[in-house]
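One structure is given below, encoded as structure tokens.
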There are 2 protein chains.
Amino acid sequence: MPLDPLSSTFAALADPTRRAILARLALGETSVMELAEPFDMSLPAISKHLKVLEHAGLISRGREAQWRPCRIAPASFRQVDFWLGNFRRFWDESFNRLDGLLEEMKAEEVAKVTAKASPRTKRKTSVDKEKQRGRTRG
Amino acid sequence: MPLDPLSSTFAALADPTRRAILARLALGETSVMELAEPFDMSLPAISKHLKVLEHAGLISRGREAQWRPCRIAPASFRQVDFWLGNFRRFWDESFNRLDGLLEEMKAEEVAKVTAKASPRTKRKTSVDKEKQRGRTRG
DNA sequence: AGGTTATTTAACCTAGGGGCTAAATAAGAG
DNA sequence: CTCTTATTTAGCCCCTAGGTTAAATAACCT
């Protein structure tokens, strides 16, 4: 009965209402009432959606008087992104380039600080590297 | 009845069997029989899963004699990644750093042009800004 | 205490998802 | 044509997801 975390997270994301709620929460923490306002739907329905999102680890909830403010919780998003990473090479062409760019910038940053300025000019394109690369993101 | 693309994609990803199938396909194109082999499940069940994945745009299928080889299809993965990008700032530190760096660079650029050089030392925290930001990946 | 606001729980309904078995289709192989 | 292999379709179950309304909590206000 209890789905694995990734399954319940994806399941939670499969509903447009819930994704809209998350989009709203991306703008900042807010109450159930305000979250419910845009939808033509009863409050219990929204309450259920929030429970699903919370159980999926996509949001967390606090308590302030009679309000239960909701906010984005990063963990499950991170897991989804991580899982997606296994497939990124199938579509993200700029993945390698961006990755290279990041390293370059980091190197420059370091160069400034250490004043050692080892010049990076080479890009990597190898495929094997995909596997061994320490995640730059996540 | 017809869910929006993102919803059916997330729904397709919400099943561990289907994710396992995708993981197998990440290793390369293969037949239904071979995809079914690891699972203690009837072939029709697998067939249904494949149909769901195909309808979600996560795989595509060819025809070779009596086989219908399946392979990863990039489009829907890309869409998921794109959607996820709206939330990346919530967990990806390197994303924020990149974002900050980009803004800094832009600011320097502007400074050069306008020759007004208002020194930027502070990182943005405004929420509104998030909306107008063009995606870095995608 | 009694009232108002915010949110959840309970009980119910319906549609669709994921599984099965049996049968149908598609395409090579003899 | 017939046989075998690969895959899908057709029904049939059962259970859960998402919605509803009515009632229960929770916490503030007077």
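So you know, we letter chains A, B, ... as the sequences are listed, proteins then strands, and number each from 1.
Proximity note for A:V52 (side chain, C-beta onward) versus C:dA26, C:dT8, D:dG18: the nearest is D:dG18. Considering only side-chain atoms of B:M41, the nucleotide from C:dT8, D:dT7, C:dC20 that sits closest is C:dC20. Listed nucleotides: C:dG18, C:dG28, C:dC20. Nearest to the side chain of B:R18: C:dG18. Listed nucleotides D:dA6, C:dT7, D:dT21 differ in distance to A:P44; the shortest reach to its side chain belongs to D:dT21. Candidate nucleotides D:dT5, D:dT7, C:dT9 were compared by shortest atom distance to the side chain of B:Q66, and D:dT5 ranks first. Between C:dC20, C:dT9, D:dT7, one nucleotide has an atom nearer to the side chain of B:A45 than all others, and that is C:dC20.
Under the 3.5 Å distance criterion, the side-chain polar atoms of A:R88 are left unmatched by any main-chain donor or acceptor of B:D81. Formation of a donor-acceptor pair under 3.5 Å by the B:S7 side chain with backbone atoms of A:A14 is found in this model. Looking at A:R24, its side chain does come within 3.5 Å of a backbone N or O of A:G28 through a donor-acceptor pair.
In terms of heavy-atom proximity, A:T9 sits nearest to A:A56 at OG1-O, 3.2 Å.
Nearer to the 5' terminus of DNA chain D, by closest-nucleotide assignment, is the contact made by B:S47 (compared with the other of A:E64 and B:S47).
Here the P atom of nucleotide C:dT7 and the CD1 atom of A:I21 are 12 Å apart, to the nearest Å. Atoms CH2 (B:W67) and P (D:dT4) sit 16 Å apart, rounded to a whole Å. Rounded to an integer number of Å, the gap from CZ of B:R68 to P of D:dA6 is 12 Å. To the nearest angstrom, P of D:dT21 lies 10 Å from CG of A:D40. Spacing between atom CG of A:L43 and atom P of C:dA10 amounts to 18 Å, rounded to whole angstrom units. Separating the NZ atom of A:K51 from the C1' atom of D:dA17 is a distance of 13 Å, rounded to the nearest angstrom. Between B:L35 atom CG and D:dT7 atom P the separation is 9 Å, expressed in whole Å. When the P atom of D:dA17 is taken as reference, atom CG of B:D15 falls 13 Å away, rounded to whole Å.
A sub-4.0 Å separation between OP1 or OP2 of C:dT8 and a side-chain N or O of A:R61 is present. Distances shorter than 4.0 Å separate some side-chain N or O of B:H49 from OP1 or OP2 on C:dG19. The phosphate of C:dC20 has OP1 or OP2 within less than 4.0 Å of a side-chain N or O from B:S42. At D:dA6, none of the side-chain N or O atoms of B:R63 fall inside 4.0 Å of OP1 or OP2 (strictly under the cut-off). At D:dT9, none of the side-chain N or O atoms of B:K48 fall inside 4.0 Å of OP1 or OP2 (strictly under the cut-off).
Salt bridge B:R19/A:D4: present, at least one basic N to carboxylate O contact under 4.0 Å.
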